[in-house]
Amino acid sequence: MNNAGQGRSAPFLKTDVELWRSMMQVNLDSIFHCIHQVLPAMLDAEWGRIVNIASTAGLTGYSYVSAYCAAKHGVVGLTRALALEVATKGVTVNSVCPGYTETEMLQRSVDAIVAKTGRTAAEVRAELSARNPQKRMIQPEEVANAVTWLCLPGSEAVTGQSIAIAGGEVM
């Protein structure tokens, strides 16, 4: 599983090259480097499971995080392209795309929004939860369960997919 993520927000015209490159390095380049390390052994074994953690931001767009969205769209594109390359070699490649998930990264985002807007943490959390039709945050275990399923016997025919774990936010 490739799980690297960092989200920093800024309006597009305030997104400088440093922010752009940082989001690409953490959220996309790291996926490339990890796959590069493990894929040869998987091809030799004629078996492997690559699961990239993307985001619903890789399936849709969100304002004020254009660099993050672009990087996560890149993860989804890489997943699809590589899945086609290795489809006949016993290796599957998929991505899991969580919505807002109860993690340290989410807490940092909430804190940043509170600092910038003066809203309370409860108000910010309610606003973020409202994007999910189930009106809740995703739990890390729900993401882990999807990753596990993609690695278990019986999931061999699932490749090139980007599965949203987001309570119906992306359909």
Chemist: Should T92 and I50 count as side-chain neighbours, where that means a heavy-atom distance under 4.5 Å?
Modeler: no
Chemist: What heavy-atom pair brings S9 and K116 nearest, and what distance separates the two atoms?
Modeler: OG-NZ, 3.6 Å
Chemist: Measure from the side-chain N and O atoms of T60 to the backbone N and O of A57, and report whether any donor-acceptor pair falls under 3.5 Å.
Modeler: no
Chemist: Measuring only between side-chain heavy atoms, which start at C-beta, is C97 closer than 4.5 Å to V76?
Modeler: yes
Chemist: Is there side-chain contact between T120 and V114, with heavy atoms separated by less than 4.5 Å?
Modeler: no
Chemist: Between V96 and M105, is there a shared hydrophobic cluster once you connect ILVMFWY residues whose side-chain heavy atoms come closer than 4.5 Å?
Modeler: no
Chemist: Answer yes or no: is there a donor N or O on one side and an acceptor on the other, between the side chain of N52 and the main chain of A54, under 3.5 Å?
Modeler: no
Chemist: Do you know which of V38, L82, L39 makes side-chain contact (heavy atoms from CB on, under 4.5 Å) with V91?
Modeler: L39
Chemist: Look only at the side chain of E156 and the backbone of G154, and say whether a donor-acceptor pair between them is shorter than 3.5 Å.
Modeler: yes
Chemist: If I compare all heavy atoms of P133 with all of A166, which pair ends up nearest, and what's the gap?
Modeler: CD-O, 4.3 Å
Chemist: Identify the heavy atoms of Y68 and N27 that sit nearest to each other, and give their distance.
Modeler: CD1-ND2, 3.7 Å
Chemist: Salt bridge check, R8 against E18: does any charged N sit closer than 4.0 Å to a carboxylate O?
Modeler: yes
Chemist: Is there a donor-acceptor contact under 3.5 Å from the side chain of N94 to the main chain of V158?
Modeler: yes
Chemist: Using a 3.5 Å distance criterion without hydrogens, assess whether the side chain of T159 forms a donor-acceptor pair with backbone atoms of V93.
Modeler: yes
Chemist: Measure from the side-chain N and O atoms of E142 to the backbone N and O of Q139, and report whether any donor-acceptor pair falls under 3.5 Å.
Modeler: yes
Chemist: What is the minimum heavy-atom distance between I35 and P40, and which atoms define it?
Modeler: O-CD, 4.4 Å
Chemist: Starting from L19, can I reach V65 by hopping between I/L/V/M/F/W/Y residues whose side chains sit under 4.5 Å apart?
Modeler: yes
Chemist: Identify the two heavy atoms, one from R125 and one from V110, that lie closest to each other, and give their separation to 0.1 Å.
Modeler: CG-CG2, 4.1 Å
Chemist: Would you mind reporting whether I113 and Y64 have side-chain heavy atoms less than 4.5 Å apart?
Modeler: no
Chemist: Donor-acceptor pair, S109 side chain versus Q107 backbone, under 3.5 Å?
Modeler: no
Chemist: Taking 4.0 angstrom as the limit, do R21 and D16 come out as a salt bridge?
Modeler: no
Chemist: Evaluate the side-chain contact (heavy atoms from CB on, under 4.5 Å) criterion for residues E46 and K89: first the C-alpha distance (whole Å), next the side-chain angles of each, then the deciding distance (0.1 Å), finally the verdict.
Modeler: CA-CA 6 Å; E46 298 180 353; K89 302 186 185 326; over 6 Å; no
Chemist: With a cut-off of 6.0 Å (strictly less than), are more than 12 heavy atoms of other residues, nucleotides or ligands near NZ of K14?
Modeler: no
Chemist: Are the side chain of T101 and the backbone N or O of T103 linked by a donor-acceptor pair below 3.5 Å?
Modeler: no
Chemist: Using a strict cut-off of less than 4.0 Å between a Lys/Arg side-chain nitrogen and an Asp/Glu carboxylate oxygen, indicate whether E85 and R80 qualify as a salt bridge.
Modeler: no
Chemist: Where is the tightest heavy-atom contact between G90 and R49, given as atom of each residue plus distance?
Modeler: O-NH1, 3.3 Å
Chemist: Does the side chain of L128 come within less than 4.5 Å of L106's, by heavy atoms?
Modeler: yes
Chemist: Quick one: are I53 and P98 in side-chain contact, heavy atoms under 4.5 Å?
Modeler: yes
Chemist: Tell me whether I163 shares a hydrophobic cluster with L59, the cluster being built from Ile, Leu, Val, Met, Phe, Trp, Tyr side chains joined at under 4.5 Å.
Modeler: no
Chemist: Answer yes or no: is there a side-chain heavy-atom contact under 4.5 Å between K72 and S95?
Modeler: no
Chemist: Look only at the side chain of H36 and the backbone of F32, and say whether a donor-acceptor pair between them is shorter than 3.5 Å.
Modeler: no
Chemist: Considering only heavy atoms from C-beta outward, does the side chain of Y100 approach that of R131 to under 4.5 Å?
Modeler: yes
Chemist: Say whether Y62 and T56, considering side chains only, have a donor N or O and an acceptor N or O under 3.5 Å apart.
Modeler: yes
